[in-house]
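To start, the structure itself, in structure tokens.
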Amino acid sequence: MNKPVNNADALRHKADRSPQRRVHLIQAAPTAGSIGTEAKELITSAEDIYVTDDSGRKLIDGPAGMWCINVGHRNQILADVMRDQAMSLTYSTPWYTSNEPAEKLAEMLAERAPGDLNHAFFTTGGSSAVETAIRLVQFYNNVRERPQKKLLVSRQGSYHGSTYLSASLNGRPRDHDWMDGAGDLVRKLSCPNPFHRPQGLSVEAFDDFLIDEFRALIRKEGADRIAAFIAEPIQASGGVLMSPPNYLKRMRAVCAENDIFFIADEVVTAFGRLGHIFASDDVFGIQPDMITFAKGVTSGYFPLGGVMVSDRLIDDLRRSNHPKAAFVHGLTYSSHPIGCAVAIRNIELLEDGLLEHVREIAPYFQAQLRTLEDIPLVGEVRGAGLMAGIECVADARAENPLDLDLTVGKRIDFHCQENGLLVRPLINMCVMSPPLTISRSQIDSMTEALRKGIEATARDLIREGLWRPA
Ligand SMILES: Cc1ncc(COP(=O)(O)O)c(C=O)c1O
């Protein structure tokens, strides 16, 4: 490497030395022993469904960034909108002013959201959207003079964010091993994943069990103490976990019977992932009291999220005995004009054929991925729309099944990358949610890379004595 001759060269020189480069950046979800030293893949550019890493390898972006690059990478139209908005109004404070993109986006979302969800509050992402929904529920119950109605119900297997309150709702394995949370406010129900239902129970009986469990919790705690139930229609980061067919409708009914808000966390399922702008009603037949969203609303081009809120909640607040009570909640970047302008154009792109494309191609995507179930290491492939989870199962006779569970997703990702595919490893699972622009032949390439990656992983496990096919 050439010796640096000036400051700029010195900085470049320093940046070029990869171990140094990594010293200053703390990446997401590190372990204590590797904090600040992880050597994650360095992505340098991207185009449509592909990303390119620093060695020049072109990989299919299997997770679409983080379930977000819905219209694909490097979309000229969204890039132009961002620049144009930045050059007309870059920012306006949401505390004292409003702006046109935010007002227009709120109107567009109200037109598309189910039921009476006619009001939008914009945030900076999914965690802040969930946080906002919960704080609004708490405020509502204070204003309605029932301050004891504060408990929040979530489920094992769920992911709702990384801020303190949103993270307190999470229920995936190890979410709370080393992390604190507002546990006193939260009650967790069983994970509604039929693949891991108690042995001997049919899916219908499992559904009954889940509903009964919720009813029993309400009896135990009292409906007057439970404020809200929050659920992802499909538990995404838990491994694309699909609940039994009638579960969401039945849970929604139990909430309505007991005056408990139903919050649908659609951070992943909205904006095209399931072929619709919002999936709650169009796909699952439910009308929630609130919907949280983020990610696909801007296709990941700008950090934006939000909450759709019902007329009922807004009307109750307006008519309350405390008209001067202040909802002291706002973010510097709430209603950001650039984010809102991008979201408006993004929705237009989705509605200009992309939603239809998803609805048309999703059965092919699901069917192709399900062909992988013939690999002995694969326990189940499940999903809907353009999201799928591939769950690997450890053989009961494995010498160290726990370790196998922990690393198998990462091993598959490693081998898939050798075959041109980036996957999202998740303990013993891989999650696939490609950009919505993906074509049939690209789905074929993805499936082939997955097959090669899983088979190579199985060979490694057998060679290392960790696993044997049943
Ligand atoms: C369902 C769900 N809710 C909330 C979040 C948190 O969103 P963010 O990472 O934008 O804060 C996520 C992130 O993956 C999510 O999947």
Side-chain angles (χ1 to χ4, degrees), residues 26-30 61-70 121-136 152-172 174-175 179 181 186 188 191-193 228-243 248 262-274 278-280 283-284 286 288 290-308 331 333-334 336 339 342-343 346 383-389 424-427 429 431-433:
I26 300 174
Q27 297 187 324
D61 186 0
M66 196 79 178
W67 325 88
C68 58
I69 307 295
N70 288 6
F121 183 100
F122 296 119
T123 68
T124 52
S127 305
S128 52
V130 171
E131 201 83 13
T132 298
I134 300 301
R135 295 198 79 202
L136 186 54
L152 307 166
V153 180
S154 67
R155 288 112 30 104
Q156 301 295 347
S158 63
Y159 182 74
H160 297 290
S162 278
T163 51
Y164 195 77
L165 191 51
S166 65
S168 303
L169 302 164
N170 295 343
R172 299 168 313 165
R174 298 199 301 280
D175 270 340
M179 305 296 285
V186 181
K188 301 238 169 73
C191 178
N193 177 13
F229 168 67
I230 182 164
E232 302 157 81
I234 295 176
Q235 292 185 310
S237 300
V240 188
L241 311 179
M242 315 270 301
S243 47
L248 286 169
F262 186 114
I263 305 173
D265 185 352
E266 287 223 44
V267 164
V268 170
T269 52
F271 301 101
R273 183 63 42 209
L274 299 182
F278 292 105
S280 289
V283 180
F284 300 99
I286 51 163
M290 290 185 182
I291 294 181
T292 49
F293 59 89
K295 297 184 188 281
V297 65
T298 58
S299 279
Y301 280 62
F302 197 90
L304 184 84
V307 194
M308 296 308 298
L331 308 164
Y333 300 127
S334 286
H336 199 294
V342 170
N346 180 59
L386 287 187
M387 60 193 287
R424 178 168 177 209
L426 239 163
I427 314 179
M429 296 176 270
V431 162
M432 305 303 298
S433 60

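Ligands are counted one by one from 1 in listed order, and the atoms in each one are counted from 1 as well.
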Could you give the N/O to N/O pairs under 3.5 Å linking ligand 1 and the protein, each with its distance?
residue	atom	partner	partner atom	Å
ligand 1	3 (N)	D265	OD1	3.3
ligand 1	3 (N)	D265	OD2	2.7
ligand 1	7 (O)	G126	N	3.4
ligand 1	7 (O)	S127	N	3.4
ligand 1	10 (O)	G126	N	2.8
ligand 1	11 (O)	G126	N	3.4
ligand 1	11 (O)	S127	N	2.7
ligand 1	11 (O)	S127	OG	2.5
ligand 1	14 (O)	K295	NZ	3.0

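- A distance-only check finds a donor-acceptor pair linking the side chain of N70 to the backbone of F271 [under 3.5 Å].
- Across R155, Q235, R172, Q156, a single residue satisfies side-chain contact (heavy atoms from CB on, under 4.5 Å) together with L241, and that is Q235.
- For the residue pair T298 and N346, no side-chain donor N or O sits within less than 3.5 Å of a side-chain acceptor on the partner.
- Using bins of under 30°, 30° to 60° and over 60° for the plane-to-plane angle, the ring pair F229/F262 lands in the perpendicular bin.
- With values rounded to the nearest 0.5 angstrom, L165 atom CG is found 11.0 Å from H160 atom NE2.
- Judged purely by distance below 3.5 Å, without hydrogens or angles, the side chains of T269 and E266 pair a donor atom with an acceptor atom.
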